[in-house]
2 protein chains.
Amino acid sequence: MNEPNQISLCLVEDDPEIGELLRLVIQHSPGFHCERVFTNGEAACAQLPMLNPDIVLLDIGLPDINGIECLIKLRSIMPGTDFVILSVLQDDDSLFNALKAGARGYLLKDTPPAELIAALHELRDGGAPMSPSIARRIVSSFHKSADSVLTDREQTILQQLCDGHDYQVIARALYISGHTVRSHIKNIYKKLEVSSRAEVVSKAMKDRLI
Amino acid sequence: MNEPNQISLCLVEDDPEIGELLRLVIQHSPGFHCERVFTNGEAACAQLPMLNPDIVLLDIGLPDINGIECLIKLRSIMPGTDFVILSVLQDDDSLFNALKAGARGYLLKDTPPAELIAALHELRDGGAPMSPSIARRIVSSFHKSADSVLTDREQTILQQLCDGHDYQVIARALYISGHTVRSHIKNIYKKLEVSSRAEVVSKAMKDRLI
DNA sequence: GGCAAATTGACCCATATGTGGGATTGTCGG
DNA sequence: CCGACAATCCCACATATGGGTCAATTTGCC
């Protein structure tokens with residue numbers, strides 16, 4: 001059906017005008033072929049597996065099914081397809097849930113056509129196209145929080161806790177008594193406002209304390 | 001000292017030839033001014049805080065101090081400076097440790113001069129420049145592992161564990177008995193090869209099981 | 001129908017953990 | 001010099017947790 005060597009795309013975009021605009025932009029770019037534009041999540045989930053395009057540009061704010069829900073449903077049954085979010089939404093939940101769900105890129109709707117096409121090339125060359133502000137947010141999410149409320153010693157203990165060591169093991173590793181370890185842990189719990197191993201590990205990893 | 005509106009850079013690069021090449025590339029780009037090229041980590045750590053450039057391009061494989069160590073030392077005392085890694089290294093440890101240490105970008109040494117300059121512009125425009133393969137690795141690191149060994153119910157329980165709930169709370173939340181929760185947890189421990197709350201939460205978050 | 005796996009529930013027991021104290025020593029800044 | 005804080009150590013007690021074992025019920029699949 002397609003020209004050989006052409007990369008096939010589908011769009012999922014509820015605004016017909018924007019969808020049509022995007023379709024034209026892609027259609028006029030050599031090497032790319034826009035198969036279809038879906039305007040709701042239901043139809044996209046039902047028919048995308050049959051079309052099995054190389055790339056799907058996926059909006060998040062759809063009238064029926066959330067775009068991320070579509071992604072979760074589709075990704076496992078379309079392993080050869082790269083899903084890229086194309087949305088106005090840039091809140092943390094949308095961004096990181098989309099990434100967790102398997103998005104290979106995240107572009108904002110204000111991306112100029114030329115950059116959109118560049119992003120598609122980058123995707124097919126093994127990259128992961130992101131709008132600059134999105135890239136910044138993703139990279140920043142790795143940054144260790146600089147000024148911790150914890151002392152150096154408490155940081156060390158926290159690291160040991162996150163490695164799953166019980167306090168006898170920690171005591172031996174740090175050449176201090178088990179009692180001391182427990183004291184430190186009590187202080188850590190107070191400072192981080194938690195009250196169990198699971199909570200402290202969870203909070204430490206979520207807040208990038210280690 | 002600088003032209004107004006010029007962005008000042010420093011390089012940390014142990015190979016003098018490459019360093020000089022990069023300096024020339026940057027120097028000939030309008031809007032950028034290359035202040036200095038350091039060829040070892042010691043000198044860079046000592047003198048960068050005085051120069052306080054807008055951007056530092058930082059190699060990782062240095063003869064004395066590891067580039068990431070430099071980054072850890074310098075970032076807290078140079079909050080206005082953007083550090084970007086420029087390295088041949090692309091192993092997971094180098095990449096993710098650099099990000100944790102506060103790198104704002106990660107470029108590979110094979111980046112063509114034009115793209116390097118584009119990356120500098122992107123950085124100053126609020127982005128986070130990355131080589132495509134690096135971007136792909138970073139984005140992939142968020143992906144939830146698709147085929148878990150855990151059953152649906154075990155996934156649910158694991159989620160609860162990661163939220164720091166004890167098993168009485170989990171039992172009430174899921175309308176099942178505490179004994180059942182314990183059974184599930186025991187099965188989870190066996191499958192994930194762990195033997196404590198801390199370990200299971202740690203593994204779940206590291207392996208993106210939740 | 002029958003088997004395997006998932007889900008649910010239960011018991012016992014040793015140990016780890018969380019919480020409440022209290023105490024000593026050293027360091028650092030005012 | 002003194003107060004605040006970090007780091008060390010100790011005691012006691014109630015509860016949570018991990019390990020072993022067993023079994024009923026449901027579900028899906030051959």
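Every chain is numbered from 1 and lettered A, B, ... according to where its sequence line falls, protein lines coming before strand lines.
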**Student:** Please state how far atom CG in N187(B) lies from atom C1' in dT7(C), giving the value in whole angstrom units.
**Tutor:** 10 Å

**Student:** Please state whether the phosphate of dT7(C), meaning OP1 or OP2, lies under 4.0 angstrom from any side-chain nitrogen or oxygen of T151(B).
**Tutor:** yes

**Student:** How long is the line joining CD of E199(B) and C1' of dT17(C), in whole Å?
**Tutor:** 15 Å

**Student:** Does atom NZ of K191(B) have more than 12 heavy-atom neighbours, drawn from other residues, nucleotides or ligands, at distances under 6.0 Å?
**Tutor:** yes

**Student:** Pick base, sugar-phosphate or nothing for S183(B), based on heavy-atom distances below 4.0 Å to the nucleic acid.
**Tutor:** base

**Student:** Looking only at side-chain N and O atoms, does S94(B) offer a donor or acceptor that is under 3.5 Å from a partner on Q90(B)?
**Tutor:** no

**Student:** Take the protein atom CG of L158(B) and the nucleotide atom C1' of dT7(C), then report the distance between them rounded to whole Å.
**Tutor:** 17 Å

**Student:** Send over the distance from H179(B) NE2 to dG9(C) P, rounded to a whole Å.
**Tutor:** 10 Å

**Student:** If each of V149(B) and V194(A) is mapped to the nucleotide of DNA chain C with the nearest heavy atom, which maps nearer the 5' terminus, i.e. the 5' end?
**Tutor:** V149(B)

**Student:** Looking at F142(B), does the NZ or CZ of R208(B) lie under 6.0 angstrom from its six-membered ring centre and within 45 degrees of the ring axis?
**Tutor:** yes

**Student:** Between dT19(C), dA7(D), dT8(C), spot the one nearest the side chain of H184(A), thanks.
**Tutor:** dA7(D)

**Student:** Does S145(A) reach the main-chain N or O of L209(A) with its side chain, forming a donor-acceptor pair under 3.5 Å?
**Tutor:** no

**Student:** Within this structure, what is the CD-to-C1' distance between Q168(B) and dT17(D), rounded to whole angstrom?
**Tutor:** 11 Å

**Student:** Within this structure, what is the NZ-to-P distance between K186(A) and dC10(D), rounded to whole angstrom?
**Tutor:** 13 Å

**Student:** Is there a side-chain polar atom (N or O) of S196(B) under 4.0 Å from OP1 or OP2 of dT17(D)?
**Tutor:** no

**Student:** So Y167(B), base contact, sugar-phosphate only, or nothing? Heavy-atom distance under 4.0 Å.
**Tutor:** base

**Student:** Using whole Å, what does the distance between atom P of nucleotide dT15(D) and atom CZ of R197(B) come to?
**Tutor:** 17 Å

**Student:** Would you mind classifying the nucleic acid contact of S177(A) as base, sugar-phosphate or nothing, using non-hydrogen atoms under 4.0 angstrom?
**Tutor:** sugar-phosphate

**Student:** Verify ring-ring contact (aromatic ring centres under 6.0 Å, His included) between F32(A) and H121(A), making sure each step is shown before the conclusion.
**Tutor:** CA-CA 10 Å; F32(A) 294 101; H121(A) 281 117; 5.0 Å; yes

**Student:** Below 4.0 angstrom from OP1 or OP2 of dG9(C), is there any side-chain N or O of R182(B)?
**Tutor:** no

**Student:** Could you check which of dA6(C), dT8(D), dT17(D) has an atom nearest any side-chain atom of K191(B)?
**Tutor:** dA6(C)

**Student:** Nearest-Å distance, CG (L174(B)) to C1' (dA6(C))?
**Tutor:** 15 Å

**Student:** Please confirm whether the shortest side-chain N or O distance from T180(A) to OP1 or OP2 of dC9(D) is below 4.0 Å.
**Tutor:** yes

